Number of protein chains: 2
Amino acid sequence: MSVEIKISLNEGLYLKDPQDSELGRNIIKNSIILIEELGIESFTFKKLSIRINSTEASIYRYFGNKHILLLYLVNWYWEWVKYFININTMNITDSKTKLQIIIHSLVFASRENPMVEYVNESKLQKIVISDGMKVYHTKEVDNDNSKGFFRSYSSLAFTVSKVISEVNPSFKYPYALATNLFEMSNNYIFFAQHLPKLTDITAKENENEAVENMLNYFAEKLLA
Amino acid sequence: MSVEIKISLNEGLYLKDPQDSELGRNIIKNSIILIEELGIESFTFKKLSIRINSTEASIYRYFGNKHILLLYLVNWYWEWVKYFININTMNITDSKTKLQIIIHSLVFASRENPMVEYVNESKLQKIVISDGMKVYHTKEVDNDNSKGFFRSYSSLAFTVSKVISEVNPSFKYPYALATNLFEMSNNYIFFAQHLPKLTDITAKENENEAVENMLNYFAEKLLA
DNA sequence: CTATTATTAATAGTATTACTATCTTTATTA
DNA sequence: TAATAAAGATAGTAATACTATTAATAATAG
């Protein structure tokens, strides 16, 4: 017996739904492993096809190119974060506590129970941290946006902005704070590991916990 | 009569100093124009060589690859921002005012007097906004960092963190706030233009001014 | 004011990437 | 059992990211 969970993503993100076939799920599973390993720049459909004993042509039947595949994975990630934020804040009434849970979920997204067996959420989080912002920092951003390719992200921003406004209704930039929490969370996990001079996080502490503390400190001051 | 200003950048960023020759300055000038136009992904040395009536091989004598060239330009940008922050804050004693000038300089970097004729600072800022973070979001980040390729950025972060600590000595994360101001400044200029749903900036206002106001609002609350 | 040296241009070549096309085999379902 | 859809096998192309070599030109040193 297995619990089937299907994440619903914008249909423009694939040519053929990868969740519906063995090959499709294999593409998702192994693209996450390979992109995490090589980085998006060195990742190719050719390399992936060799890894899964398939062919480039077969992968192209699911995703038009690797940029779309990355968009697919990034959207998956934010859907998954949203899902966990929802169930974790469901029975919470205090807005401040809600925001703390949100921050915790952002930082420790990868530690929660895995949802589907073919997605390694820990590696997926690493991809989003390293390559996530590349999906919108392109010349096609307006076109991609018009197709709704950033909807998972902005829908989460909407949810979080509501909580922020609950904590402090007079705070002027609830959206910007929401998205900045997302960006900071990813950025400072990365900085703590690779460019510690850009943070105030000392090597001793657990990095993710340190980032969580920092985000709470920022949020508290901003919404005081 | 011309005032010669030479920006000094990490020597690992080029094979031959482009500031020292006509061809080198032409490479800088036109790479800025082309990268701004095409985005770093579609930019190639081939296209640049055609634009400047030279050859790929000649460009490769200055820069080992386009990633290094981008690093060179990004470092140039931060050196330039630092220079303006320095002269603008030179005679200011009040730390709060200093921070406001820093924020203004970050947002309006491109509007100040151009420093060297072959660098279009306005286009350079657009490149940094769109592609700047790609220089460190790579698998080679640790290696590049060990060579000092992010020194201009982190040295500016150091300067700004000092001012932040002057404003409020008990603020726990002066470095993180400094770098976050840099990132936010670039991010929200970009978001305001392309993904306005992720900000609270309305279409009516001047985008950069709106971003400046937002950064001041954040800084003030955080350092109160 | 030549001779030497450094710089740039011209040309060619290679492995890899990012696809597209076609055809055969295998699995599914009607 | 026939029809159809999915996947595999194979081939091919234009562009990219280089490296190498040789020729032309400019700078400079003796």
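The structure presented is a predicted model; accordingly, all values stated were derived computationally and were not measured. Reckoned from all heavy atoms, side chains included, excluding hydrogens, waters and symmetry mates. All chains are named by letter (A, B, ...) in the order of the sequence lines, taking the proteins before the strands, and each is independently numbered beginning at 1.
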Which of parallel (below 30°), tilted (30 to 60°) and perpendicular (above 60°) describes B:Y153 and B:F182?
-> perpendicular

No-hydrogen, no-angle side-chain donor-acceptor test under 3.5 Å, A:S154 and A:Y175 = no

Kindly state whether the ring of A:W78 and the ring of A:F150 have centres lying under 6.0 angstrom apart.
-> no

Summarise protein proximity over nucleotides 16-21 of chain D in one line of letters, 5' to 3': B for base, S for sugar-phosphate only, - for none, counting protein heavy atoms closer than 4.0 Å.
-> SBBBB-

Salt bridge (Lys or Arg N to Asp or Glu O under 4.0 Å) with A:K82: which residues, sequence neighbours excluded?
-> A:E79

5' to 3' contact window, DNA chain C with chain A (heavy-atom distance under 4.0 Å) = C:dT17 to C:dA21

With under 30° as parallel and over 60° as perpendicular, where do the rings of B:H194 and B:F190 fit, or are they tilted in between?
-> tilted

Does B:F149 have its ring centroid less than 6.0 Å away from the ring centroid of B:Y136?
-> no

Sugar-phosphate only, base, or nothing, as touched by A:Y62 at under 4.0 Å among non-hydrogen atoms | sugar-phosphate

Taking atom CG of A:N65 and atom CG of A:L15, what is their separation to the nearest 0.5 Å?
-> 9.0 Å

Euclidean distance, atom CD1 of residue A:I52 to atom P of D:dA9 [Å, nearest integer] | 12 Å

Give a yes/no on whether any side-chain N or O of A:S54 is located under 4.0 angstrom from OP1 or OP2 of D:dG8.
-> yes

Can you name the closest pair of heavy atoms from A:H67 and A:K134 and give their distance?
-> NE2-O, 4.3 Å

